[in-house]
2 protein chains.
Amino acid sequence: MARTKDENTEEQILEAAKNVFQTKGMDGARMQEIADTAGINKAMLHYYYRNKQLLFEAVFKSAFSLLAPQLNKILNDDSSIEDKIRNFTTNYISFIMKHPYLPNFIIQELNRNPDFIITIQKNNTLLNIEKFKAQVDLEVSQGNLKPTKGDQLFINILSLNIFPFVAKPLIKAFIKEDEKGFKQLMEQRKTEVSEFIINSIKQH
Amino acid sequence: MARTKDENTEEQILEAAKNVFQTKGMDGARMQEIADTAGINKAMLHYYYRNKQLLFEAVFKSAFSLLAPQLNKILNDDSSIEDKIRNFTTNYISFIMKHPYLPNFIIQELNRNPDFIITIQKNNTLLNIEKFKAQVDLEVSQGNLKPTKGDQLFINILSLNIFPFVAKPLIKAFIKEDEKGFKQLMEQRKTEVSEFIINSIKQH
DNA sequence: ATGTAGTTTAACTATTTGGTTAACAAAGAT
DNA sequence: ATCTTTGTTAACCAAATAGTTAAACTACAT
């Protein structure tokens with residue numbers, strides 16, 4: 001029984017490819033497994049996406065385009081640095097808990113092929129830290145923040161929010177917690193991380 | 001011309017395998033490429049290490065045993081929390097700049113196979129956070145530190161030190177720096193990160 | 001009903017890749 | 001000298017895997 005066009009096989013393929021690529025990576029993923037996951041024939045993958053590379057790129061772009069708006073929130077909105085940090089931290093941690101494989105997938109594949117980010121930056125002119133840096137400089141000069149370098153602060157914010165998810169197996173081993181305990185720890189971080197950062201940079 | 005025993009082919013294989021596995025990962029690495037890098041026949045890999053999995057495990061253990069002492073320094077020595085943070089930050093960043101592929105390799109492969117860490121913890125009973133947590137609690141009760149949870153502090157320290165190297169391609173894209181600029185930024189972090197953390201937790 | 005364009009499948013192909021084998025070389029022991 | 005153990009190689013093998021093909025099926029327009 002052949003499926004009809006409007007049941008949208010293409011979407012099913014992309015969904016299956018996401019699951020497999022995000023857990024196994026480009027090199028570890030098998031076209032057959034993607035086909036099986038999508039419940040279709042392997043030839044269909046090549047019918048809709050010419051080859052593994054193109055299918056992978058579709059998945060990667062889709063993943064990145066989920067992530068980019070999260071990052072732009074902190075780079076390009078108009079609230080104070082302090083508000084940005086609080087907002088970003090809670091929103092980002094919630095977001096990642098819904099997409100736990102995402103950050104690791106992006107980082108792993110960017111390390112495998114660093115040129116990928118060049119392609120991305122052409123479509124995504126948004127990823128620009130300049131406004132954020134200017135705002136940090138301003139708030140420092142107003143005496144609202146201690147002397148702080150914008151780029152280092154930005155790296156710190158990303159590190160504290162993203163790293164625990166990327167290094168989850170390592171962290172679980174250290175902290176000796178199971179999946180539930182790990183989640184509780186991450187829930188705590190929604191507020192603790194922003195307090196930690198603001199404590200460090202706020203002038204008082 | 002067959003090489004003689006004391007030229008130590010086994011060591012050359014491990015060295016080549018390190019290079020290839022750490023840059024390409026288990027799935028991306030090819031036995032042929034490892035053999036070529038070592039300048040020997042592919043069959044030799046199987047002569048010294050039975051198969052790819054065992055060769056990989058040798059590389060992984062060797063990598064992890066480089067990393068473990070770094071982590072134990074912060075967990076199990078007797079200096080104050082503040083000194084620990086300063087020491088760990090400078091030492092760890094210097095260490096990683098000499099072994100740039102290490103953290104990403106470990107994290108990537110632990111995510112691929114989380115059971116791996118169970119094997120490791122059997123040989124490496126050292127990775128225990130309890131002493132660190134007790135010390136944090138003590139220094140909090142002495143009024144030296146603000147109320148701080150030991151496990152969250154530990155996660156923060158790891159995040160701030162390790163993440164920039166793991167996410168290097170992403171960071172370089174944001175900050176718009178080349179390799180040299182990235183290194184300068186990391187040099188700065190040797191002192192900035194510890195100040196950032198201590199600022200946040202020190203009671204004053 | 002028939003033709004046509006788009007969709008789906010089973011079977012196939014070419015290549016890559018981890019692993020094996022059997023013969024050969026070197027060095028040391030007897 | 002020659003036997004044995006260890007190290008090394010080229011050639012080979014089987015399984016896995018990305019990709020192809022040709023036939024068949026479906027929906028739909030005429």
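Side-chain atoms are counted along with the backbone in the values below, which use heavy atoms only and exclude waters and symmetry mates. We name chains A, B, ... by the order of the sequence lines, and we start the count at 1 in each one. Owing to the predicted nature of the structure, the values given are computational and were not obtained by experimental measurement.
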Could you tell me the separation between the [atom1] atom of [X] and the [atom2] atom of [N], rounded to a whole number of Å?
| X | N | atom1 | atom2 | result |
| --- | --- | --- | --- | --- |
| His46(A) | dT21(D) | NE2 | C1' | 13 Å |
| Gln32(A) | dA15(D) | CD | C1' | 14 Å |
| Asp36(B) | dT17(C) | CG | C1' | 13 Å |
| Asn41(B) | dG19(C) | CG | P | 15 Å |
| Asp27(B) | dT17(D) | CG | P | 10 Å |
| Met31(A) | dT16(C) | CE | P | 17 Å |
| Glu33(A) | dT17(D) | CD | P | 10 Å |
| Tyr48(B) | dT9(D) | OH | P | 10 Å |

Considering just the side-chain nitrogens and oxygens of Arg30(B), establish if one lies under 4.0 Å of OP1 or OP2 belonging to dG18(C).
-> yes
Using only side-chain N and O atoms of Tyr47(A), determine if any of them is under 4.0 Å from OP1 or OP2 of dT9(C).
-> no
Does the ring of Phe196(A) carry Arg86(A) above it, NZ/CZ under 6.0 angstrom from centre and within 45° of its axis?
-> no
Face-on cation placement of Arg189(B) at Phe165(B) ring, 6.0 Å and 45° thresholds = no
Working to the nearest 0.5 Å, report the span between CD1 of Ile96(A) and CG of Asn161(A).
-> 9.0 Å
Distance from Leu55(B) atom CG to Gln53(B) atom CD, nearest 0.5 Å?
-> 10.0 Å
Check whether the ring centres of Phe21(A) and Phe105(A) lie less than 6.0 Å apart, and answer yes or no.
-> no
For [X], which contact category applies under a 4.0 Å heavy-atom criterion: base, sugar-phosphate, or nothing?
| X | result |
| --- | --- |
| Ala29(B) | sugar-phosphate |
| Met44(A) | base |
| Asn51(B) | sugar-phosphate |

Counting side-chain heavy atoms from C-beta on, which of dT9(D), dA18(D), dG19(C) comes nearest to Lys42(A)?
-> dA18(D)
Closest listed nucleotide, where the reference is the side chain of Thr9(A) and the choices are dG19(D), dT8(D), dT8(C) = dT8(C)
Donor-acceptor pair under 3.5 Å: do we get one between Lys52(B)'s side chain and the base of dG19(C)?
-> no
